[in-house]
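In this chain, numbering begins with 1 at the start of the sequence shown.
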Amino acid sequence: MSVTTVPDDQRFVPVLLGADAATYSLARSFHEEYAAVSVAVSRLGAGPVANSRIIEVSRLADFDDDDALVAHLQGLGERFGDRPLLLLTSTDYLVRRIVTLRDRLEPRLTIPYPDLALIDRLTDKAQFAELCRELGIAHPETVVYDVARHEQLKDDPELNERLAALSFPIIAKTGNSATYERYDFPGKQKVHTAASRAELMDLMQRVHDSGYPGTFILQDMIPGLDDGMRILTCYCDRAGRVRMGAFGHVLLEEHLPETLGVPAAIITGQDRAVLDEAVRLLEHVGWRGYANFDLKYDPRDGRTKFFELNPRLGRSNFYVNAGGVNTARYYVEQYVDGSDLSDEPRLVESAKEELYTSLPVPLVLRYLPGDLRKKVLSLVARGKVTNPMMYARDPHPKRWAYVGAYGANQVRKYVRVYPPPKREKA
């Protein structure tokens with residue numbers, strides 16, 4: 001069987017940095033809407049993007065070297081002549097990287113992300129928390145911890161007073177994901193839980209000793225398990241207006257340390273109050289392109305609270321498609337076709353109810369309370385289930401073998417690292 005390549009008559013080319021399931025989801029979006037083959041640039045080109053009929057794999061051994069990446073992308077620009085190239089990714093540090101390299105890549109490649117200063121402002125969790133306070137947007141109680149000053153802060157009376165506003169256990173997470181990825185320390189996770197002040201200080205010592213120069217965000221732990229989480233994705237046009245919002249009720253998250261907190265199962269739906277708050281925030285700062293929010297419902301006051309903004313489509317981006325909106329369409333209409341979307345509704349809100357899951361459904365059901373279990377079973381019975389990796393128009397047998405093995409492996413991993421939690425009976 002021949003290796004997949006971009007057809008000669010394809011009018012534009014999505015160039016995707018990465019080789020994970022999020023990369024495949026983006027490629028699927030472009031193929032579903034436009035029958036377009038995407039180019040996935042990564043070091044190995046293995047895993048979800050391998051053996052695909054909708055993805056041309058473009059390997060780059062020196063993927064982490066900026067000069068090598070620029071040369072590789074410029075080579076793609078030369079190869080595809082005058083066809084538009086959209087450069088996209090679903091990882092924070094890669095978004096920041098290509099925006100940093102924008103002057104060396106544009107105009108040959110189109111980079112539909114905001115400028116670096118705005119990305120840094122909105123993805124810095126301390127600044128994001130301050131913006132939420134300024135705009136009156138629901139957000140967990142937050143303390144910013146300067147890791148570089150750990151030796152001075154660990155016995156600081158003012159810090160003790162601020163921590164008193166939080167009740168242990170608390171959540172502790174990096175204030176800057178892109179910087180945090182470059183450092184390692186014993187027990188490192190994407191999100192940490194500290195059950196006491198002593199545990200918190202031990203964690204801060206380990207982070208400090210790693211050389212990490214940024215901040216950590218210490219937050220009130222909102223009660224509830226994974227099914228208390230929510231997700232919202234918005235698209236802002238080139239004039240800074242929010243044109244689309246896609247809400248989801250998270251059922252189950254990833255639980256391996258490197259992907260902890262990534263939504264793995266979502267029921268798509270609507271929450272206009274949450275969307276309205278996001279619109280207010282995004283239009284206040286003049287955002288462009290996609291923004292993805294992590295949120296959680298707080299049963300103590302009945303409000304859904306904003307945790308952070310990701311400057312991209314999320315790793316679970318295909319839930320937006322499952323809800324009835326193809327994410328690729330906005331990129332193409334605005335950045336390839338030059339539309340100002342004036343012939344579209346002012347704000348599109350995804351309305352279709354569907355189960356999005358990257359996990360086998362029986363595994364998801366094991367973790368749900370009775371009401372959500374019934375709802376999922378109803379969606380399954382009606383055929384309203386979307387798995388981003390299961391794409392009928394991409395039928396390579398080796399790829400389907402990979403998808404099957406991935407599902408089986410996920411079952412084993414969850415059994416090992418996250419047994420179903422015990423829930424209090426109502």
Query - Derivation of the salt bridge (charged side-chain N to carboxylate O under 4.0 Å, His left out) call for Glu277 and Arg303 - result: CA-CA 12 Å; Glu277 287 198 306; Arg303 300 187 72 186; 3.6 Å; yes

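- Between Gln219 and Thr142, the side chains place a donor N or O and an acceptor N or O closer than 3.5 Å (distance only, hydrogens not considered).
- Between the Arg59 side chain and the Ala46 main chain, no donor and acceptor come within less than 3.5 Å of each other.
- Atom-to-atom distance recorded for Ile137:CD1 and His139:NE2 is 10.0 Å, nearest 0.5 angstrom.
- A donor-acceptor pair under 3.5 Å is absent between the side-chain atoms of Asp298 and the main chain of Ile222, judged by distance alone.
- Taking CG from Leu101 and CG from Leu69, the interatomic distance works out to 6.5 Å, rounded to the nearest 0.5 Å.
- Rounded to the nearest 0.5 Å, atoms CE (Met244) and CG (Leu275) are 9.5 Å apart.
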**Report entry** Steps toward salt bridge (charged side-chain N to carboxylate O under 4.0 Å, His left out) verdict (Arg272, Asp276)
**Finding:** CA-CA 6 Å; Arg272 190 55 188 256; Asp276 286 345; 2.9 Å; yes

Query raised in the report: So Leu252 and Tyr414, side-chain contact (heavy atoms from CB on, under 4.5 Å) or not? Walk me through it.
Result: CA-CA 11 Å; Leu252 184 62; Tyr414 273 79; 3.9 Å; yes

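- In this structure, the side chains of Ile111 and Glu106 come closer than 4.5 Å at one or more pairs of heavy atoms.
- Ring orientation note: the planes of Tyr330 and Tyr290 are nearly perpendicular, at an angle over 60° on the 30°/60° scale.
- Stacking of Lys188 on the aromatic ring of Tyr180 is recorded, both the 6.0 Å distance cut-off and the 45° axial limit being met.
- The only member of Arg241, Arg329, Arg243 that meets salt bridge (Lys or Arg N to Asp or Glu O under 4.0 Å) when paired with Glu344 is Arg329.
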Query raised in the report: Should Gln10 and Phe80 be marked as a side-chain contact (heavy atoms from CB on, under 4.5 Å) after you check the CA-CA gap, both sets of side-chain angles, and the distance that decides it?
Result: CA-CA 10 Å; Gln10 185 171 303; Phe80 291 115; over 6 Å; no

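- When Thr233, Thr268, Thr327 are each tested for a side chain to side chain donor-acceptor pair (under 3.5 Å) with Tyr319, only one passes: Thr233.
- Residue Phe30 forms a side-chain contact (heavy atoms from CB on, under 4.5 Å) with just one option from Val37, Ile54, Leu88, and that option is Leu88.
- Aromatic ring centres of Tyr24 and Tyr391 lie farther apart than the 6.0 Å criterion allows.
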Requested in this report: Determine, stepwise, if the pair Phe185 / Tyr212 fulfils ring pair (Phe, Tyr, Trp, His ring centres under 6.0 Å).
Outcome: CA-CA 10 Å; Phe185 57 88; Tyr212 169 71; 8.4 Å; no

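- A donor-acceptor contact shorter than 3.5 Å links the side chain of Asn326 to the backbone of Ser29.
- Residues forming a salt bridge (Lys or Arg N to Asp or Glu O under 4.0 Å) with Asp64 (at least two apart in sequence, or on another chain): Arg43.
- With hydrogens and angles left out, the side-chain atoms of Arg206 and Ser210 include no donor and acceptor closer than 3.5 Å.
- Of the listed residues (Val39, Leu76, Ile55), just one forms a side-chain contact (heavy atoms from CB on, under 4.5 Å) with Val6, and that residue is Val39.
- Lys296 places a side-chain N or O within 3.5 Å of a backbone atom of Gly224 that can act as its donor or acceptor partner.
- Judged by distance alone, with hydrogens and angles left aside, the side-chain atoms of Ser25 form a donor-acceptor pair with the main-chain N or O of Ala21 at under 3.5 Å.
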Requested in this report: Report the C-alpha separation of Asp227 and Arg373 in whole Å, then their side-chain angles, then the decisive distance to 0.1 Å, and conclude whether the salt bridge (charged side-chain N to carboxylate O under 4.0 Å, His left out) test is met.
Outcome: CA-CA 11 Å; Asp227 53 76; Arg373 185 182 176 89; over 6 Å; no

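- The aromatic ring centroids of Phe293 and Phe247 lie 6.0 Å or more from each other.
- With a 6.0 Å radius and a threshold of 12 heavy atoms from other residues, nucleotides or ligands, Asn409 has its CG atom above the threshold.
- Taking CG of Leu109 as the reference point, atom CD of Gln74 lies at 8.5 Å (rounded to 0.5 Å).
- Scored by the side chain to side chain contact (heavy atoms under 4.5 Å, CB included) test, Asp65 finds Asp62, Asp67, Ala68 as partners (sequence neighbours excluded).
- In this structure, a donor-acceptor pair under 3.5 Å is present between the side chains of Ser342 and Asp340.
- A donor-acceptor pair under 3.5 Å is absent between the side-chain atoms of Arg366 and the main chain of Pro420, judged by distance alone.
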**Report entry** Step-by-step side-chain hydrogen bond (donor to acceptor under 3.5 Å, both in side chains) determination, Asp394 to His31
**Finding:** CA-CA 10 Å; Asp394 194 7; His31 192 264; over 6 Å; no

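- Glu353 and Arg382 get closest at one heavy-atom pair: OE1-NH2, 4.2 Å.
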